[in-house]
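Shown next, in structure tokens, is the structure this report addresses.
Sequence lines set the chain letters: A, B, ... in the order given, protein chains first and strands last, and positions in each chain run from 1.
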Number of protein chains: 2
Amino acid sequence: MSLVFKALSDPTRRRVLEMLRERPMSAGDLAAAFPVSKPTMSAHFAVLREAGLIASEKQAQSVIYHLQMSVLEEAMLGFAQAFGWQLQPAAKPESSTD
Amino acid sequence: MSLVFKALSDPTRRRVLEMLRERPMSAGDLAAAFPVSKPTMSAHFAVLREAGLIASEKQAQSVIYHLQMSVLEEAMLGFAQAFGWQLQPAAKPESSTD
DNA sequence: TTTGTATTTAGCTAAATATCAAAATAGAGT
DNA sequence: ACTCTATTTTGATATTTAGCTAAATACAAA
């Protein structure tokens, strides 16, 4: 749980999670969306991975990251419970179905 | 929001919040519940205070801390919303009414 | 005003974190 | 076997963090 909150304490990493909520994305595509170097982004991915919040699969040269929604949910549920809140998990977002 | 998650990333600080959910407590009483020095606890209180999660009032020699539930709620609501969850806030816990 | 109790600040160390540029690795394609 | 592209690792530096002891502050009480 500490690892999850630590991971969430950085705005870049929170934004990465939000982006991955829409769809899986490659490390490069994610990195391109932020004003920091690719090695720095790689380190952020590592923090998220170690917290269990994202997972990766290799696809040709690329590394595709995807959100592990269940881990995020469990951490939030666990915490919410300690404060007597109820959290109802969500439907997946529509990937701009226009 | 980053400050809140940063504050929550330490188990001692999370436990402090849980204890303050039951009732306001003095710095000393809180400190006595953890196996670290009082200055260390004071630093934890400062982190929680800067995140807005607790507030203090002076009472004679003591400093009484209390939870700012609304700040915690708002941070959680904000985050939950970004992931499409619903969070319903809670009743205050019974302070062992036996 | 001296003493005692409660809490914080100061000053320190060790470990962790965030960032970068440069080098290394992994795969595909030529 | 090269060469390109994508990503991570390495090595360096700066900052932050968690912890400690000792000193300072705040207030009450004697």
Side-chain angles (χ1 to χ4, degrees), chain A residues 1-20 22-68 71-72 75 79, chain B residues 1-20 22-68 72 75:
Chain A
M1 190 133 144
S2 291
L3 285 179
V4 170
F5 282 122
K6 181 68 75 85
L8 294 177
S9 75
D10 181 279
T12 296
R13 291 192 293 254
R14 285 199 302 275
R15 190 80 193 90
V16 166
L17 293 181
E18 285 184 36
M19 291 176 73
L20 291 180
E22 302 298 322
R23 66 178 180 292
M25 289 179 75
S26 74
D29 286 354
L30 284 167
F34 296 87
V36 297
S37 72
K38 279 185 270 198
T40 294
M41 287 304 290
S42 191
H44 282 310
F45 300 150
V47 171
L48 291 167
R49 209 183 317 111
E50 272 147 41
L53 292 171
I54 63 176
S56 61
E57 32 175 325
K58 200 100 200 237
Q59 190 173 310
Q61 305 100 309
S62 297
V63 173
I64 309 296
Y65 282 107
H66 60 92
L67 184 57
Q68 302 267 180
V71 174
L72 185 55
F79 182 75
Chain B
M1 189 133 143
S2 291
L3 285 180
V4 170
F5 282 123
K6 181 70 75 83
L8 293 177
S9 74
D10 181 280
T12 296
R13 289 192 292 256
R14 284 198 303 276
R15 190 80 193 91
V16 166
L17 293 181
E18 286 183 37
M19 291 177 73
L20 290 181
E22 303 296 324
R23 67 177 181 292
M25 288 179 74
S26 74
D29 286 354
L30 284 167
F34 297 87
V36 297
S37 72
K38 279 186 269 197
T40 294
M41 287 304 290
S42 190
H44 281 310
F45 301 149
V47 171
L48 290 168
R49 208 183 318 112
E50 273 148 41
L53 292 170
I54 64 176
S56 60
E57 31 176 326
K58 201 100 202 236
Q59 192 174 308
Q61 305 99 309
S62 297
V63 173
I64 308 295
Y65 282 107
H66 62 91
L67 185 56
Q68 302 269 174
L72 185 55

**Q.** Closest contact, heavy atoms only, A:Arg13 versus A:Lys6
**A.** NH2-O, 3.1 Å
Q: Nearest-nucleotide wise, let me know which of A:Ala60 and A:Pro35 is further upstream toward the 5' end of DNA chain C.
A: A:Pro35
Q | Among D:dA28, D:dT7, C:dC20, the one nearest A:Pro39 by side-chain distance | A | C:dC20
Q) To the nearest Å, how far apart are A:Gln59 CD and C:dA28 P? A) 10 Å
Q: Could you tell me the separation between the NZ atom of A:Lys38 and the C1' atom of D:dT8, rounded to a whole number of Å?
A: 12 Å
Q. Of all the choices, D:dC20, C:dC20, D:dT7, which nucleotide is nearest to the side chain of A:Ser62 once you look at every atom?
A. D:dT7
Q | Smallest separation among heavy atoms of B:Pro24 and B:Ile64, with atom names | A | CB-CG2, 3.8 Å
(Q) In whole Å, I'd like the distance from the CD1 atom of B:Ile64 to the P atom of C:dT8. (A) 11 Å
(Q) Does A:Gln59 have more than 12 heavy atoms from other residues, nucleotides or ligands lying within 6.0 Å of its CD? (A) no
Q) Of all of residues 41-58 of chain A, which get a heavy atom below 4.0 angstrom from DNA chain C, listed by number? A) A:His44, A:Lys58
Q: Can you tell me the distance, in whole Å, between the CD atom of A:Gln61 and the C1' atom of C:dG27?
A: 6 Å
Q. So among A:Leu48, A:Leu67, A:Asp10, which one has a side-chain contact (heavy atoms from CB on, under 4.5 Å) with A:Val16?
A. A:Leu48
(Q) Nearest 0.5 Å, please: how far is OG in A:Ser2 from CZ in B:Arg14? (A) 3.5 Å
Q. Taking only side-chain nitrogens and oxygens of A:Tyr65, does any of them come within less than 4.0 Å of OP1 or OP2 of D:dA6?
A. no
Q) How far apart are the closest heavy atoms of A:Val4 and A:Ala51, and which atoms are they? A) CG2-O, 3.9 Å
Q: Of all the heavy-atom pairs spanning A:Phe5 and B:Ser9, show the shortest one and how long it is.
A: CB-CA, 3.6 Å
Q) For B:Leu20 and B:Tyr65, which heavy atoms make the closest approach, and how far apart are they? A) CD2-O, 3.4 Å
Q: Compare every heavy atom of B:Lys58 with every heavy atom of B:Val63, then report the nearest pair and how far apart it is.
A: CG2-CE, 4.0 Å
Q. Phosphate oxygens OP1/OP2 of C:dT19: is one of them under 4.0 Å from a side-chain N or O of A:Ser37?
A. no
(Q) At a heavy-atom distance below 4.0 Å, what parts of residues 4-16 of chain B sit against DNA chain C? (A) none
